[in-house]
Amino acid sequence: MNWQKLTNAQIAWRAAQDIEDGAYVNLGIGFPEMVAKYPPEGRDVIYHSENGILGFGEAPPEGEEDWDLINAGKKAVTLNPGASIFHHTDSFAMVRGGHLDVAILGAYQVAQNGDLANWRIGTSGIPAVGGAMDLVHGAGRVAVVTDHTTKDGKPKLVERCSFPLTGVGCVTRVYTSLAVVDIEDGHFVLREKIPDISMDNLQSLTGAPLHLDGAVLDLITPELT
Amino acid sequence: MNWQKLTNAQIAWRAAQDIEDGAYVNLGIGFPEMVAKYPPEGRDVIYHSENGILGFGEAPPEGEEDWDLINAGKKAVTLNPGASIFHHTDSFAMVRGGHLDVAILGAYQVAQNGDLANWRIGTSGIPAVGGAMDLVHGAGRVAVVTDHTTKDGKPKLVERCSFPLTGVGCVTRVYTSLAVVDIEDGHFVLREKIPDISMDNLQSLTGAPLHLDGAVLDLITPELT
Amino acid sequence: MDKTIDNLDEAVSGIPDGAVLMIGGFGGSGAPIELIHALIDRYRATGSPKDLTVVNNNAGTGKIGISAMIDAGMVRKIICSYPRTKDHESFASKYLSGELELELVPQGTLSERIRAAGAGIPAFFTPTSYGTDLAEGKQIQEFDGKPYVMERWLKADFAFVKAELGDPHGNLTYRLAARNFNPIMCMAADTAIAQVSRAVPLGGINPVDVITPGIFVSGIVEVPDPQQEEDLIRAGEVY
Amino acid sequence: MDKTIDNLDEAVSGIPDGAVLMIGGFGGSGAPIELIHALIDRYRATGSPKDLTVVNNNAGTGKIGISAMIDAGMVRKIICSYPRTKDHESFASKYLSGELELELVPQGTLSERIRAAGAGIPAFFTPTSYGTDLAEGKQIQEFDGKPYVMERWLKADFAFVKAELGDPHGNLTYRLAARNFNPIMCMAADTAIAQVSRAVPLGGINPVDVITPGIFVSGIVEVPDPQQEEDLIRAGEVY
């Protein structure tokens, strides 16, 4: 490979650039939470947590946690001015009712028709779904941040998900370690790729055809690890 | 007629005697509201208002009304210690969800199967339903306070309602100006009557058979006008 | 992010002809009189917005507020539970003459339909109205041996509400029982505009005291010392 | 009316074998640890209640709280959205061996089903889980051209919640995000028992600050300085 894929931090940075000023945003637990570290200068973003918080801020210093104030990932958070607290059903009313502008989630697989699989691999072991199946409905747009392939090199952008689905036709944009891909009319449409990878190589790491619709921009991010 | 029917105040007094200590009660707008004037000594009753109050109290003195604090009848009220305020949907969750112990409503007609008609007479004019159709569902018991007959002497306790229904099979007890009547298994069961009226006379003023199940008690109330 | 709107004229400027407009309040409590009257001013000046569908518990009382909207000729349809208030002449005359359409909804069903719209629930089942004229034509289904009526969500393009405190993010609190329909209408409308008796800076409302989180609110406009509908009606005011 | 219960033993005394028990909290926030542990004490002393169905967002973490209930052998079934927390050995071992039944519900559907039970809504439609394994066998219906899944209410016999203030009528407030599932579980249970960090007299909570009106609560028991689940887990406590 004569290219260097983006780090998770860089993927998160790129996803953060698309969040509009004043947006209400839910970030999935784990990797997607990193998006909150890179809000573009001057943009006000309000983060939603499933357990009933709007407007939470950074983690408190270690030792100063208040465990009655945690996010959906059960990490201690703080409140920004203008925050509000509500119960779980009101919280999911915000989600399901279409009040969030953006949800950014992780993925095992994303299909070219927008299907998302991110809650379990196969049918053995202990299943756990959390809020993922709710979050794919209702947000103005549902984006995914993910490595472009699995650890053993298999495509995560696929023709059709083989893992159990989280939602049908819900994802509209995928930020990967190699590219930014939109989902339109049942196709992957390549918008950006890292400069060093060839189209052929990128296609070979992608499980369904990458369509073009206008220029493919260079995907360039700051150095972030 | 060699009997004197009960006044509305006396009917309300009788209905109030059946309200248990600690009960959550909704009183329909108008005549049923009088029930709140006669709580039996030592019983704590918490009144619910559809517009989002539990635990409201008496009207404030004239001139001291706060029009942000009204009941479902749009009359100014006060708050008792332990009151709470909530929005309309939470308020009807209490109603529909079966959390009220008693609802006491007015009636145009009550049928022997418990059907209630209390929202409109016929189909002309301006219809208005308010919370009546919700209140007949969910309360532990739904009782009616009413004159035994209409102003022109027609029975209000009937075989089958001729006016548009508010609810099906919902009423379990009727407090009238002449009697206390339970509704059981599709029948009127006479529990109490004013001493001076004969069974025959009472039956002739009732639109469906009055069944007996044990003793019929004397319906005696204080002098109240 | 600052959702503050400078004045009432601007607050009501976005509402187009034919809009569905939810108006909060129950009786005079929580009724956004100044927003309503600003909208009437706009209609009188411009002829717009007209053909409105108004959602409220009632259909106007006296000669102010929703009644004045009806009198002005801006309203095509009312969705409410109880149009027969003490002084409902404005509604009555146009309804009985067929100029004004009415959709009558039981009060609890009305509030649940509004909440469902805000919560992304397109339909739900309720025991309310089963076996009555108001269930006609609706889907009936039994659960655990009991019949229920299916009701649809009720969405709006705009909502006008009256709140006590409001901050730049749109977080709101309400005075006493002025809460009523206001919080759920904010949830159900694409654009909810709140008149607030006091605009406070961010942080001016304790997060646990927020009743309507700002995500449900598009704009707030400060109206200090707002009029109380009940006082206007008792004074016989005509707008 | 005084819903105050003298002590934890008495607070948990009414729960029979086979009961459906909702337990509030999300992670450590709002988790009624003292009520749970009192119930475990009762089970250890008497062998009852057993065969419980527990409703919570998770299925226990560490060796305290719900995990300790599972280890004690009181639990037959868990209804939750996310049983795979960081340390879920107690659940995992009994689930994988088939001793423990699991009903997995998306978190928003779980909370809406609980709220529906409290609100007398036997069923509702949601977009959540459409087209997934979790919609299998459920009624599907289209509204405005979009498919939705019908979900049923979820009722409980009992609920345990943790609140901050509680008064003799059962009115409750919650600390910060400790609110989460607690208010809706009070609504959905026949009998909701709240442990409150501070019992206050009637009038001790401003009516507009009440989060759970007392009508949804059957009993309160004061537990001053309650334990925080997260602290116990971090300290490696075993109950």
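Worth knowing before you read on, the calculation uses all heavy atoms, side chains too, and leaves out hydrogens, waters and symmetry mates.
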Out of B:E192, B:R191, B:Q10, which one pairs with B:L219 under the side-chain contact (heavy atoms from CB on, under 4.5 Å) rule?
-> B:E192

Comparing D:G120, D:P207, D:G214 against chain B, the one with the most heavy-atom pairs below 4.5 Å turns out to be D:P207

Distance-minimising heavy-atom pair for D:E151 and D:T126 = CG-CG2, 3.7 Å

Do any pairs count as a salt bridge (charged side-chain N to carboxylate O under 4.0 Å, His left out) and have a residue in residues 11-24 of chain D, sequence neighbours left out, and if so which ones?
-> D:D17-D:K50

To the nearest 0.5 Å, tell me how far B:Q17 CD sits from B:Y175 OH.
-> 9.5 Å

Shortest non-hydrogen pair, D:C186 vs D:A192, comes out as CA-CB, 3.8 Å

Of all the residues in residues 34-64 of chain B, which have a heavy atom that comes within less than 4.5 Å of a heavy atom in chain D?
-> B:D44, B:I46, B:L54

Return the minimal non-hydrogen interatomic distance between D:N58 and D:I78, and the atom names on each side.
-> O-CG2, 4.2 Å

Tell me whether the centres of the aromatic rings in D:F216 and B:H99 are closer together than 6.0 Å.
-> yes

Could you give all pairs that pass the ring pair (Phe, Tyr, Trp, His ring centres under 6.0 Å) test and reach residues 104-148 of chain B, with sequence neighbours left out?
-> none

Quick one: CD on D:E103 to SG on D:C80, what's the gap to the nearest 0.5 Å?
-> 9.5 Å

Of all the residues in residues 71-95 of chain B, which have a heavy atom that comes within less than 4.5 Å of a heavy atom in chain D?
-> B:L79, B:P81, B:G82, B:A83, B:S84, B:I85, B:F86, B:T89, B:A93, B:M94

Do D:N7 and D:D9 have side-chain N/O donor and acceptor atoms under 3.5 Å apart?
-> no

